[in-house]
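Note on naming: letters A, B, ... go to the chains in the order of the sequence lines (proteins, then strands), and numbering restarts at 1 for each one.
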Amino acid sequence: MRIDCPCCGLRDNGEFTYLGDASPARPDGMDASPAAMLDYVYRRDNPAGPHRELWYHGAGCRSWLVVTRDTRTHDIAEVAFARDAARARDAEKAVP
Amino acid sequence: MSLALDRATSAAAPATSPATLQPFRTAAGGLIDRSQPLPFTFDGHAYTGVAGDTLASALLANGVRLVGRSFKYHRPRGILSAGSEEPNALVELRTGARREPNTRATVAELYEGLETASQNRWPSLRYDALSINALAAPVFAAGFYYKTFMWPASFWEKLYEPLIRRAAGLGRAAEAPDPDHYDRMHAHCDVLVIGGGPAGLAAALAAGRAGARVILVDEEATPGGRLLAERRTIGALAGTTWAGDAIGELRAMPDVRILSRTTLFGVYDHGQYGAIERVSDHVAVPEEHAPRQRYWRIAAKRAILAAGAIERPHVFGGNDRPGVMLAGAVRAYINKYGVLPGREFAVFTTSDDGWRTVADAVAAGARVVAVIDSRFEVRAGLTQAAVAAGARIMLGAQVIDTAGRPELAAITVMSDAGRTETIRCDCLAMANGWNPIVHLDSHLSRKPVWDARISAFVPGGLPGGMTAVGAAKGQFLLSDCLDGGARAGAAAAADCGFAAVSPPPYTTDPESDAHEPLWRARAGRGKAFVDFQNDVAATDIELAHREGFRAVEHLKRYTTLGMATDQGKTSNMAGLGIMAELTGQPLPQVGTTVFRPPFTPVAIGALAGHHRGQDFRATRHTPSHGWAEANGAVFVTSGQWLRAAYFPQTGETDWLETVRREVSTVRSAVGICDVSTFGKIDIQGRDAIKLIDKVCANAFASLPVGKARYAIVLREDGFVMDDGTVTRLGDTHFVMTASTANAARVMQHLEYAHQWLYPHLDVQMTSVSEQWAQFAIAGPHARDTLRRIIDPAVDISNEAFPFLAAAAITVGGGIAARLFRISFSGELAYELAVPAGYGDAAWRAILNAGASYGITPYGTEALSVMRIEKGHVATAEINGQTTARDLGLGGMMAKKKDFIGRLMKERPALIEPERPIVVGVRPVDPNDRIRAGSHFIGVDVTPGPEADEGYLTSVAFSPVLGQWIGIGLLKNGAQRHGERVRAYDPVRNGDVVVEICAPCFVDPKEEKLRV
């Protein structure tokens, strides 16, 4: 596989470390419930199809990336900086 | 060796060349050099081949047709093919450390002095004792593994398995380390052309002429593919000449690279390809500095699959007899290698191209006795050469049996009317159509699709950026190969932004590719093999069908069809065809199995390349390495690092003695240890403290400037990831340390927390592990020693610089440094960091400064002894399975802030009292030795898994206590101080009664630390 890092360009996947599903959001704060945290830590869907997932470009720019990859074909539809995706996620959460 | 040279020399070969010693070598013709004889041996017999031979062609030239025994029945086998699809002719090459089993004789290039041997035979190839297996064939039918050797179970280990292993072994691997080295290359190109036959050459020419960067990969010593094996013309040129010209033109292009002797073995995602170049397989010993093989990882924007096709054998009785060969291979031996695989040929064909064999054999001086074509009608003109040669032409007939001991001497032909007759011949050429090589395009799980016109599977949905051309696409006419190749090459170049012009259509000599497959001939008496390498016969497929293993994946596993090292290159289609007949389904509905990489076997050594032994991974040296090495340090690997374990002095006879001295010196005077390997992360920004508070489980908001604090980092699941220190150098400036082993992981974790969990925090961080050399200076004279090297203005008195103080200072006259008063040993101790470039100088300066106090350098062993004496946990305890509570650090967990791992560490199972928790232990008898890994069990309890109460994680001989001590994890350990248990270690005969104590053996009140 090759991943088109938005900072470094198209790079071999040996430079990256896989983490997993990017959809669960951490239940932050002292009010978070143990049940929600358990889901966040352990429960994952295993979709056959597009999957938003976190990769770390450890041998490159050290950026965390959100890669949208089709689990059936490995086709990569999009690669974005995780920080941008996280800010968008948090902005959405902040909207009442 | 260039093609042009081959042609020139072969044409000029004198009639009295040494080749005349080879009874089956033709007098002229072929792309070989008869003036260069190459002596070699096979099973100890001396033979001679010529330059340009493969082992197979050289054996055939010498009349050697029996070259191996089959896997299961030990049947005599010969050479079936002339390429990498060969299932039968597996041999052992070379001797000693370079001995290499299971190599296909058809792809092994001959060199002077090559020693080869047949396999799977005893006592000799011609008289093989285990060929008796063939008499017991019913026992070895499909599924025999599942039906026999089952009962009684106790027989398996002692009897069945050794028996099977002895009987089933093929070649022998070398027993000495491989003396050669292997290389790896990464390459990028616009257009990758896979296969250097006519289609591939035409594609490479079109793409190269357009200016694209092209890599052409071809398996053989010289590209050309079937052009070298057939007598064809392109325009006014002989096919071989056209190929030679094309290669010459490609070589002259600056952006075209031809990789010959290279097999593209795997297709991977996003335009990545794996290939193996056999750099030195064709010579006895690689040239100096040259690798044996080179693994290529190629990234290509476009790929053109021109891998060609593999001819299909016929399935009939005795079709595995030496002398029965693929027709295309017969033509290759005649036209390319100048070898006649027999004297009297018969041809059994179902396709027009099979008839080409007649003219080629006759032209080379052989006799063709019969052409058997199962079709009732063939194109007018096809039979012309056979008529002229006086061969019998038998339409609508089939070969059903063979005879010979063991080499072929006669065939039995059955006419359409059912009449049989025996025809004498010593070589039977089989032509049953061709299968496009769909392996590579199915590596990404694309299923091939059925093409009824050619009765074969062709590439289906190709991976992105890949196009199939020529025979690989099912286009078997030379003109289609050339035109399709050129079009695809031009299109691929255009896709990469190069304006390309397709050449005008190529013209060739007349050709036809009509074909009507025959999946199995009518039954004869002999066994009709489908898969030669795994000895799967047509009757095995019938058996699988009868027993219900009809789905293609079941058929494969039950019969082992296609599961040999050749992955069924010559057998899968016949197997599917027979199953289709048996089930009455159309063949495409039976389906096909998916091929996986590698296309042909790849040596693990080639994939590993230089990453082996010492070079398996990079070696990192600490700043004091040079001094340590010069002073006789013994090193230990810690991840990539080489760290000094201890520094033996003259007269010290074992490591324990040395370590004891180092510890005692530190505890009584002063010592220095290189701790530069710890991870160091510089964290800056307005919100730096907020990020640290999220990542660390203990509280940091209150950390003042100029102070260091022990830090615990948890994983989100509540277990400890690592420990270290966080120092506040300024209001918004921190430096965090991580353990040597976890440095990279903690950095990744911090980046994750920052970029993904808390993206709004205003903070930046970078690793400074390599930038700072850091030394621990420990012992009662640590301050005295330090004073001699730091600049005079720096006040390090206990009052000005107490325990856990930290500051940016200067040393050696203005050199920036950082000083931390932290201690792993429990002594008065500092860690001094200097820019890495000053590391070696600082180390020497400190040793000089401490000389009058008797300073000793100490290594990781003494470091470990002292931390065990102090009960500090390290990697042995922070092993990914322990929580802060388990480590006795539960009380440090912050209560009033959210941090990673906060909730999950409170899961019921992680806080139950029975959970093992850290304790100290010491043998009741001070003379007893304990070992890490021993399990704790009750004193009077019978050992067993249910008696297990935890285990010893770390042990050391304590010079302070004069006995072995340890720390471990014991169930409910905090409540059991004073209790006795056994440290039970049956593997090393250890069974020692120990007393549980608090995990701190030296200075529990920490008085030495704070003076």
Quiz item: Between B:Lys897 and B:Asp693, is there a side-chain N and carboxylate O pair less than 4.0 Å apart?
Solution: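 Judged by the 4.0 Å cut-off on N to carboxylate O distance, B:Lys897 and B:Asp693 do form a salt bridge.
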
Quiz item: Do NZ/NE/NH1/NH2 and the carboxylate oxygens of A:Asp21 and A:Arg52 come within less than 4.0 Å?
Solution: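 No.
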
Quiz item: Under the 3.5 angstrom rule, does the side chain of A:Arg44 hit a backbone N or O of A:Tyr40 as a donor-acceptor pair?
Solution: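 Such a contact is found between A:Arg44 side chain and A:Tyr40 backbone.
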
By a 4.5 Å heavy-atom criterion (distance strictly below it), what part of [X] contacts chain B: side chain, backbone, both, or neither?
| X | answer |
| --- | --- |
| A:Ala25 | neither |
| A:Arg72 | neither |
| A:Ser63 | both |
| A:Leu10 | neither |

Measure distances from [X] to the heavy atoms of chain A and classify the residue's part below 4.5 Å as side chain, backbone, both or neither.
| X | value |
| --- | --- |
| B:Tyr268 | neither |
| B:Leu444 | neither |
| B:Thr766 | both |
| B:Glu751 | both |
| B:His754 | side chain |
| B:Arg715 | neither |
| B:Tyr758 | side chain |

Quiz item: Run the salt bridge (Lys or Arg N to Asp or Glu O under 4.0 Å) check on A:Asp12 and B:Arg297 step by step: do they pass?
Solution: CA-CA 10 Å; A:Asp12 188 279; B:Arg297 287 192 66 162; 2.9 Å; yes

Quiz item: Within 45° of the ring axis of B:Trp756 and under 6.0 Å from its six-membered ring centre, is that where the NZ or CZ of A:Arg89 lies?
Solution: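 Here A:Arg89 passes the 6.0 Å and 45° test against B:Trp756.
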
Quiz item: Between A:Arg83, A:His74, A:Arg62, A:Met37, which shows the greatest number of heavy-atom pairs under 4.5 Å with chain B?
Solution: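 Of A:Arg83, A:His74, A:Arg62, A:Met37, A:Arg62 has the most heavy-atom pairs under 4.5 Å with chain B.
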
Practice problem: Could you list which of residues 679-687 of chain B have a heavy atom closer than 4.5 Å to any heavy atom of chain A, in residue-number order? | Solution: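 Interface residues of residues 679-687 of chain B: none, nothing closer than 4.5 Å to chain A.
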
Exercise. Answer with yes or no after comparing the ring centroid distance for A:Phe16 and A:His57 against a 6.0 Å cut-off, counting only values under it.
Key: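 Close enough - the centres of the two rings lie under 6.0 Å apart.
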
Quiz item: By side chain to side chain donor-acceptor pair (under 3.5 Å), which residues pair with A:Asn13, not counting sequence neighbours?
Solution: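 Side chain to side chain donor-acceptor pair (under 3.5 Å) check on A:Asn13 returns nothing, list empty.
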
